[in-house]
Amino acid sequence: MSMLSTATTNPVIVAKFGGTSVADYAAMCRSANIVITNPHTKIVLISACSGVTNVLVALANGISDTTLRQQHLQQLTETHQQILDQLQSPHTVSDAIYTLLDDIASASAQAAIASSPQLTDKLVSHGELLSTHLFNQILVEMNAAAIRFDIRDVMRTDTQFGKALPQPELIRQLAQQHLVPLVATQIVVSQGFIGRDELGNTTTLGRGGSDYSAALIAEAVDATTLEIWTDVPGMYTTDPRITPAAKPIKEISFSEASEMANFGAKILHPSTLVPAIRHQIPVFIGSSTAPQQGGTWIRKTVNQAPLFRALALRGNQTMVTLTSLNMFQAYGFLAAVFRILAEHKISVDLITTSEVSVSLTLDQTDTGGGAPTLPLAAIEQLNQLCRVDIEQGLSLVALIGNHMSDSKGSAKHIFGALDAYNLRLICYGASPHNLCFLVNEADAKSVITTLHQQLLE
Ligand code: ADP
Ligand code: ASP
Ligand code: MG
């Protein structure tokens with residue numbers, strides 16, 4: 001029987017636990033308790049244990065110094081051995097764990113000779129392959145009917161290693177075929193972040209991608225709720241690491257939360273809400289260390305839509321300003337600029353124009369968080385049309401809210417609070433839910449703190 005027909009009567013929860021929620025034995029036990037406390041939790045997607053993906057990425061980049069490489073491998077062994085040691089029946093999973101650790105050692109040696117995006121994805125996927133063996137065993141030892149499942153049998157993607165694009169229709173077909181029958185009688189424990197292309201290669205969805213995996217699986221099985229369990233009790237008015245005045249938000253709309261994720265709120269991978277919105281699945285975010293504190297519900301409609309809701313910050317911005325006197329009252333300049341950018345597969349994020357210049361920021365999705373650059377060939381082509389100025393050391397601040405640009409006096413309120421700062425490239429009015437601008441990286445945190453104080457406290 002497909003979950004499609006049962007979902008209307010039986011709630012089906014897909015729960016995702018991030019790296020800190022499965023960091024060690026104690027964290028895994030806390031998360032496993034959350035799973036068994038709610039009988040509707042049918043599918044559990046987990047990340048690698050905290051810190052493991054970073055070590056795997058370092059190994060995949062190629063460490064030729066064998067002592068250093070050995071230290072990295074030792075760190076991975078210790079993380080997983082400590083959990084194994086605390087299991088009641090470690091032998092049930094120890095062979096699988098040691099085989100995966102051996103695979104990591106040989107792939108790392110290979111990466112030290114020649115690294116490649118394909119090898120990186122294969123290597124990096126081991127974090128989630130390891131953690132799911134241990135987490136599943138913990139559930140079994142709590143007498144839950146749990147089964148470990150290889151998500152690659154369902155999570156079909158294209159072949160862009162490191163940022164593979166999932167294929168929702170195929171994922172749905174495969175999930176209905178392989179995953180749904182298991183869910184009828186068992187709790188399925190599986191991996192976030194990883195997938196497989198049609199040739200059978202392991203792929204990954206990009207750093208922080210487990211949130212996105214969970215949303216795709218929730219969509220594919222017609223889940224009634226997606227739960228994201230992390231290290232904070234919900235989505236806050238801004239990153240609580242920036243200001244202790246940040247407050248958890250009880251309820252937020254899909255549109256507002258999507259803006260938060262897009263503009264850098266690390267709590268959700270930017271693509272997470274796309275499947276949830278497509279399939280109208282409410283999303284809950286809570287803390288695995290303090291589930292009793294409740295959390296944030298993200299839904300299509302919410303009771304309150306405040307003018308100012310929250311602030312997000314994204315560092316490492318690259319701003320490109322293109323100036324040409326020929327642009328004055330001319331046509332075709334922007335088309336020519338974008339033709340060149342498209343030729344070099346450069347994706348633009350924000351843009352503002354004046355009579356003789358256009359400023360834009362470069363999309364960051366391919367840089368793993370670092371500042372993106374313009375390839376030399378693109379600069380040379382652009383130089384034939386206009387002057388090219390590139391600035392880095394900038395951060396993007398986004399104010400999320402509702403209908404800010406239609407509300408009289410809101411601009412005065414916002415910009416009045418920012419009198420002391422130099423603001424660059426302001427985008428206001430294109431979306432009813434955000435206003436964003438660039439500031440110098442050194443000012444970013446104090447801009448967030450000041451705006452938070454003036455608009456959200
Ligand atoms: P996980 O490993 O569970 O996926 P992440 O580290 O990816 O967890 O995301 C959780 C972190 O996101 C929090 O610890 C917090 O510092 C950060 N964060 C950024 N913006 C926000 C926000 N608006 N609300 C809550 N947390 C945020
Ligand atoms: N383990 C992966 C990472 O650290 C995916 C995730 O945790 O979402 O990026
Ligand atoms: Mg995350």
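Order of listing sets the numbers, starting from 1, for every ligand and every atom in it. Hydrogens, waters and symmetry mates are skipped; everything else that's a heavy atom, side chains included, is used.
- Atom CD of Glu198 sits in a sparse spot, with 12 or fewer heavy atoms from other residues, nucleotides or ligands closer than 6.0 Å.
- Taking any N or O of Phe193, backbone or side chain, none lies under 3.5 Å from an N or O belonging to ligand 2.
- A heavy-atom separation below 4.0 Å is found between Pro240 and ligand 1.
- Distance from atom 8 (O) of ligand 1 to its nearest protein heavy atom, with residue and atom name: Thr230 OG1, 3.1 Å.
- If you number the atoms of ligand 1 from 1 as listed, the ones under 4.0 Å from a heavy atom of Met235 come out as 24 (N).
- Annotation: Asp211 places no N or O atom under 3.5 Å from an N or O atom of ligand 2; distance criterion only.
- Two residues are said to be in side-chain contact when any heavy atoms from C-beta on lie closer than 4.5 Å; Val320 and Leu362 meet this criterion.
- Counting heavy atoms from C-beta outward, Ile43 and Leu45 have side chains that approach closer than 4.5 Å.
- From the protein, the heavy atom lying nearest to atom 15 (C) of ligand 1 is Asp239 OD1, 3.4 Å.
- Gln82 and Gln86 share no side-chain donor-acceptor pair at under 3.5 Å.
- Between Lys42 and Val188, every side-chain heavy-atom pair lies at or beyond the 4.5 Å cut-off.
- Residue, atom and distance of the protein heavy atom nearest to atom 24 (N) of ligand 1 are Tyr236 N, 2.8 Å.
- Numbered from 1 in the order shown, with element, the atoms of ligand 2 that lie under 4.0 Å from a heavy atom of Ser210 read 5 (C), 6 (C), 7 (O), 8 (O).
- Close approach of ligand 1 to Ala265 (heavy-atom distance below 4.0 Å) involves ligand atoms 20 (N).
- Around CD of Gln304, the count of heavy atoms belonging to other residues, nucleotides or ligands within 6.0 Å does not exceed 12.
- The protein atom (non-hydrogen) at minimum distance from atom 4 (O) of ligand 1 is Lys16 NZ, 3.0 Å.
- When the shell of 6.0 Å around NZ of Lys300 is examined, it contains 12 or fewer heavy atoms from other residues, nucleotides or ligands.
- At the shortest separation from atom 11 (C) of ligand 1 among protein heavy atoms lies Asp231 OD1, 3.9 Å.
- Neither the backbone nor the side chain of His269 comes within contact range of ligand 2; no heavy atom lies under 4.0 Å.
- Residue-level proximity to ligand 1 for Thr238 is carried by the backbone, the only part with a heavy atom below 4.0 angstrom.
- Side-chain contact, Arg30 with Ser288: no donor N or O sits under 3.5 Å from an acceptor N or O.
- For Gln292, the CD atom sits in a packed shell: over 12 heavy atoms of surrounding residues, nucleotides or ligands are nearer than 6.0 Å.
- Arg309 has no carboxylate O lying under 4.0 Å from a charged side-chain N of Glu259, or vice versa, which leaves the two without a salt bridge.
- Residue Ala312 places no heavy atom under 4.0 Å from ligand 1.
- For atom 2 (O) of ligand 1, the closest heavy atom belonging to the protein is Gly19 N, 3.3 Å.
- Looking at atom 5 (P) of ligand 1, its nearest protein heavy atom turns out to be Lys266 NZ, 3.8 Å.
- Atom 12 (O) of ligand 1 has as its closest protein heavy atom Ile267 N, 3.4 Å.
- Look at Lys266 and Asp211 and you find no salt bridge, because none of the NZ, NE, NH1 or NH2 atoms lies under 4.0 Å from a carboxylate O.
- Every atom of ligand 2 is numbered from 1 in the order shown, and the set under 4.0 Å from a heavy atom of Arg207 is 3 (C), 4 (O), 9 (O).
- For a threshold of 3.5 Å applied to N or O pairs, the pair formed by Ser47 and ligand 2 contains at least one separation below that value.
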